[in-house]
Amino acid sequence: MEAVVSRAAASANPLEIRRLCHDYAMKYVNIQREQFKRLGVTGDWDSPYLTLSPGYEAGILTAFRALVARGLIYKGLKPVHWCTSCRTALAEAEVEYEDRTSHTVYVRFPLLDQEKKEVVKSLENPSILIWTTTPWTLPGNLAVCLHPDYDYVALAHNGETFIIAKAMVDAVAKDCNLDDYRIVKEFKGRELEGLHCSHPLLNKQSLVILGEHVTLDQGTGCVHTAPGHGNDDYVVGTKYGLPVFVPVDGEGCFTNDFPLMEGMLVWDTNVPIINYLKEKKLLVKNGVLVHSYPHCWRCHNPIIFRATEQLFMSLDQNQVRQRAIKAIDEVQWIPRWGRDRINNMVEMRPDWCLSRQRCWGVPIPAVTCSGCNASLLELAVIDRVIEQVREQGTDVWYREPVERFVPDDFRCPHCEGKEFTKENDILDVWFDSGASHIAVLEARDDLNCPADLYLEGSDQHRGWFQSSLLVSIGARDRVPYRAVLTHGFTLDEKGEAMSKSKGNVVSPLDIVDDLGADVLRLWVASEDYRNDMKLSHEILERIADAYRRIRNTFKFVLGNLNDFDPKLHTVSYAQLEELDQWALHQLAILAEKIYRAYQAFEFHKVYHLTYTFCVVQMSAFYLDVLKDRLYTSEKNDTTRRASQTTLHYILNALLRLLAPIIPFTTDEAWGFLNEAEPSVHLAEFSTIPAEWKNEPLAQRWETLLTIRSEACKALETARRDKVIGHSLDAEVLIKTPNEKLYDLLCRYLPQLPTLFIVSSCVVAKAAVSDTQEVAEGQLPVLVSIKPAPGTKCERCWKFGIDVGSQKDHPSLCQRCVDVVRRNKQ
RNA sequence: GGGCCUAUAGCUCAGCUGUGGUUAGAGCGCGCCCCUGAUAAGGGCGAGGUCAGAGGUUCGACUCCUCUUAGGCCCA
């Protein structure tokens with residue numbers, strides 16, 4: 001962001017850049033806030049915590065102060081991108097890659113102590129051959145790095161021996177015109193660890209070390225290593241305890257650490273160095289190469305890697321690392337492998353480089369003594385900074401003179417000096433976010449630390465989760481969170497990452513515009529977020545279908561509750577039909593499973609459970625069967641009111657259960673339910689009465705449903721044979737040899753036509769032989785279909801022999817006649 | 001190259017979790033049919049996987065181990 005803003009305002013001062021960055025950030029804060037609202041995200045939108053607010057900034061510095069007080073902050077050298085003409089460090093985003101022609105050199109590093117290792121003892125004038133495109137970094141050389149597991153060879157040529165990687169022999173021999181060479185020895189890289197070579201330019205030694213970063217795509221497999229001039233070199237050098245040697249100053253000129261060319265600009269030394277190596281017979285071959293090389297985005301000059309003083313948080317002082325690793329096991333990681341992921345990262349990571357050479361951020365509250373040039377981090381100074389930042393924000397550091405932050409009686413502890421200048425660097429932004437448990441949780445009365453849950457994508461095991469943990473352990477010696485949940489990433493239909501260049505990006509905002517926020521939310525809920533989630537046209541289409549189905553179920557139930565007032569018409573549980581009790585049993589089971597799924601953060605199970613419930617239990621069975629009762633019974637008939645009571649319970653519970661997932665739809669439906677709470681989001685998950693769960697009843701009904709399914713199969717056959725069209729055209733005959741089944745069927749005989757949605761049913765005993773064909777595991781029943789006897793009642797559509805028995809209602813069955821007559825009264 | 005993760009029907013998920021064992025389940029979609037009093041709806045029936053691939057352990061593996069392939073996140 002600072003780069004974007006700086007490019008727009010070329011020659012702005014720090015305060016101006018900071019103002020532009022602030023406005024830029026606020027613009028996106030507001031955009032994002034509106035987007036979150038549109039997505040139905042719950043939040044305290046009027047008082048978000050913003051890392052750029054004065055209170056938060058003071059919190060960041062409070063965290064930093066605690067680390068200083070515990071002795072965890074130190075200065076060290078670390079290589080950064082450095083522009084020699086701008087005299088400044090560059091962030092990754094400020095580096096642009098352009099083609100550049102570089103000098104390439106093959107240089108021999110003669111072995112000094114070949115007698116120390118058996119494998120090289122007998123070699124004649126052995127040296128390790130390196131290749132580099134930056135000859136000017138050779139003065140900074142401290143080591144030669146080999147891969148421990150690669151094969152290396154000793155290649156004899158003209159009375160001397162070169163050591164290079166076996167895989168590179170052909171390329172190197174060709175490049176260096178080594179015609180008749182012989183391979184005299186072969187060994188693994190690790191066998192040479194600890195040997196010494198003579199330094200090509202300085203009167204010192206170069207250590208042979210091992211590193212996994214060594215590659216075989218270019219060079220010799222032996223890497224010239226200058227810890228002050230490269231990140232890999234720095235990291236591997238640190239492992240071997242090598243110093244960070246930088247013979248180059250801020251203007252890109254050699255210091256007196258390389259007396260031979262002291263004061264010369266590094267770019268001007270490549271040729272002199274090559275000539276010098278030639279003289280010393282150390283150069284095997286030189287050439288040129290066009291390759292992509294980092295340049296400064298501002299002045300377009302090539303940049304260098306140069307170690308500069310940076311501020312670090314130590315992880316091994318006070319055993320921060322060990323304590324963090326111990327603390328990781330106090331946290332619940334969801335999914336569980338998150339523990340291994342962050343554990344490995346904390347175990348392996350280097351000390352945290354906290355300083356950045358930028359101006360948009362929280363300034364490091366250090367002062368430099370003008371007398372002795374010592375950089376000072378003093379608690380007394382930091383406290384004054386915190387105090388003023390809390391009131392005025394961190395601009396105060398840039399706006400006010402240093403005297404405002406240094407107590408009058410303060411003297412440099414090294415030289416008693418009393419003149420100081422302010423530090424220019426800021427803190428890493430990961431420190432900003434990593435301090436939220438101090439800047440927010442500790443600061444707000446309505447919040448507590450540790451937090452119940454941190455929730456982010458799995459990339460944050462290296463980001464926020466880790467920075468929070470390290471700041472928290474370092475500054476407070478406690479975990480910042482009790483649980484950490486991570487989700488995967490959204491991928492395209494093939495499971496590949498979305499990117500602009502691939503053109504497979506699907507914007508969530510477009511989905512919201514096309515299908516609505518609840519459909520997008522339903523999709524999120526439907527996927528198992530613990531893995532990566534695929535998004536495609538088909539998937540969205542499926543979800544939109546499912547959404548409509550759920551919404552339609554709400555609509556259907558609401559329509560049938562139109563004349564139902566729960567206060568007046570509710571029927572007691574005991575008065576409900578068994579079918580209704582079955583439905584409430586199913587609801588109770590569903591609610592139980594959903595509670596469990598929510599508690600386990602398994603939202604996709606909530607989706608699948610409710611969706612299947614709406615489709616299978618409700619739409620395809622209960623609601624379908626209920627239509628006869630709802631449409632043809634007398635308005636105030638107890639059984640009709642019983643069905644409405646049940647529907648009311650079911651919808652009420654469903655809306656509460658789905659409110660977190662489809663908040664807009666459930667709240668809209670809730671409005672028609674006339675409940676006490678004005679919004680479903682103010683209602684709680686309902687407690688399901690214990691009596692609703694009725695296992696014996698459920699088991700009887702499971703059998704009935706199995707028979708129903710047999711009946712449906714038979715009805716389908718009859719439909720195919722043109723015996724019937726609608727199921728109400730049919731009479732079902734069920735025969736079974738099984739006593740228990742027969743008794744069950746007789747017991748429920750009056751209800752069977754309703755359950756099967758047919759006009760009549762007949763149950764009969766069958767001989768055992770009749771059902772021998774029935775496969776094992778299936779119920780021993782035989783179902784046959786014939787057209788229902790009688791004529792069709794105009795009102796309830798059922799066939800009956802009693803239709804027309806009343807002269808004043810020639811097209812109605814007796815049941816309908818009774819209802820019609822009573823309604824007239 | 002390293003750490004961690006994923007791979008079950010067209011789609012989304014079950015199953016496999018330190019406890020391997022009859023014909024691998026569901027819903028959607030699809031096909032065919034019915035209905036028209038949930039209608040930019042509703043109902044029924046049906047066809048689809050041998051569990052990414054290879055090898056191993058075992059009497060027996062989707063389920064355990066190894067490798068390979070494809071993909072993801074984070075590093076290098």
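Labels below follow one simple rule: chain letters A, B, ... track the order of the sequence lines, proteins then strands, and each chain is numbered from 1.
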message: If you go through the side-chain atoms of A:K555, does one of them form a donor-acceptor pair with the base of B:rA41 closer than 3.5 Å?
response: no
- prompt: Do A:S619 side-chain and B:rA38 base share a donor-acceptor contact under 3.5 Å?
  reply: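 Pair found.
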- request: Compute whether any side-chain donor of one residue and acceptor of the other, for A:Q644 and A:R641, lie under 3.5 angstrom apart.
  value: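 There is such a pair between these side chains.
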- prompt: A:S536 and A:E493: side-chain donor and acceptor closer than 3.5 Å?
  reply: no
Could you tell me how far apart [X] ([atom1]) and [N] ([atom2]) are, to the nearest whole angstrom?
X	N	atom1	atom2	value
A:E541	B:rG10	CD	P	17 Å
A:Y607	B:rA14	OH	P	13 Å
A:L491	B:rG71	CG	P	12 Å
A:L715	B:rG44	CG	P	11 Å
A:L515	B:rA40	CG	C1'	14 Å

Describe the nucleic acid contact of [X] in one word from base, sugar-phosphate, nothing, applying a heavy-atom distance below 4.0 Å.
X	value
A:G495	sugar-phosphate
A:V616	sugar-phosphate
A:N552	base
A:A546	nothing
A:G559	nothing
A:R795	base
A:K494	nothing
A:W797	base

message: Aromatic contact between A:F621 and A:W582, with the criterion being ring centroids under 6.0 Å apart: yes or no?
response: yes
Among [options], which nucleotide has an atom closest to any side-chain atom of [X]?
X	options	result
A:K502	B:rC74, B:rC13, B:rG72	B:rG72
A:H213	B:rG27, B:rA76, B:rC74	B:rA76
A:I539	B:rC45, B:rU12, B:rG15	B:rU12
A:T612	B:rU12, B:rG27, B:rA38	B:rG27
A:V615	B:rC73, B:rG27, B:rA76	B:rG27
A:E496	B:rC74, B:rA76, B:rG71	B:rG71

task: For A:S526, check side-chain contact (heavy atoms from CB on, under 4.5 Å) against everything at least two apart and list the hits.
output: A:W523, A:I543, A:Y607
- prompt: Between A:L623 and A:H604, who's closer to the 5' end of RNA chain B by nearest nucleotide?
  reply: A:H604
- line: By nearest-nucleotide position on RNA chain B, the 5'-leaning member of A:R549 and A:D528 is A:D528
Please tabulate, one pair per line, each protein N/O and nucleotide N/O from nucleotides 29-33 of chain B that are separated by under 3.5 Å, including the distance.
from	atom 1	to	atom 2	distance (Å)
B:rG29	O4'	A:R542	NE	3.4

- prompt: With a 4.0 Å cut-off, would you call A:E527 and A:K534 a salt bridge?
  reply: no
message: With the 90 degree cut-off around zero defining syn, does B:rG27 come out syn or anti?
response: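 Anti, which is what one calls it when the glycosidic angle falls more than 90° from 0.
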message: Please list all pairs meeting ring pair (Phe, Tyr, Trp, His ring centres under 6.0 Å) that have one or both residues in residues 328-353 of chain A, counting only residues at least two apart or in different chains.
response: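 Passing the test, one end in residues 328-353 of chain A: A:W333-A:Y481, A:W352-A:F431.
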Report, one pair per line, the protein and nucleotides 1-6 of chain B atoms (nitrogen or oxygen only) whose separation is under 3.5 Å.
from	atom 1	to	atom 2	distance (Å)
B:rG3	O3'	A:N344	ND2	2.9
B:rG3	O2'	A:N344	ND2	2.7
B:rG3	N2	A:R341	NH1	2.5
B:rC4	O2	A:R341	NH1	3.2

ring-ring contact (aromatic ring centres under 6.0 Å, His included) partners of A:F799, counting only residues at least two apart: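 A:F799: no ring-ring contact (aromatic ring centres under 6.0 Å, His included) contacts found.
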query: Which dot-bracket string fits RNA chain B when only Watson-Crick or G-U wobble pairs with both atom distances under 3.5 Å count, crossing pairs get [ ], and | stands for a partner on a different strand?
result: (((((((..((((.......[...)))).(((((.......))))).....(((((..]....)))))))))))).
field: P spacing across the pair B:rG72 / B:rC33, given as an integer number of angstrom
entry: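 Taking atom P in both B:rG72 and B:rC33, they lie 44 Å apart.
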field: For A:M533 against A:G488, the heavy-atom pair lying closest together
entry: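 What the structure gives for the nearest pair is CE-O, 3.4 Å.
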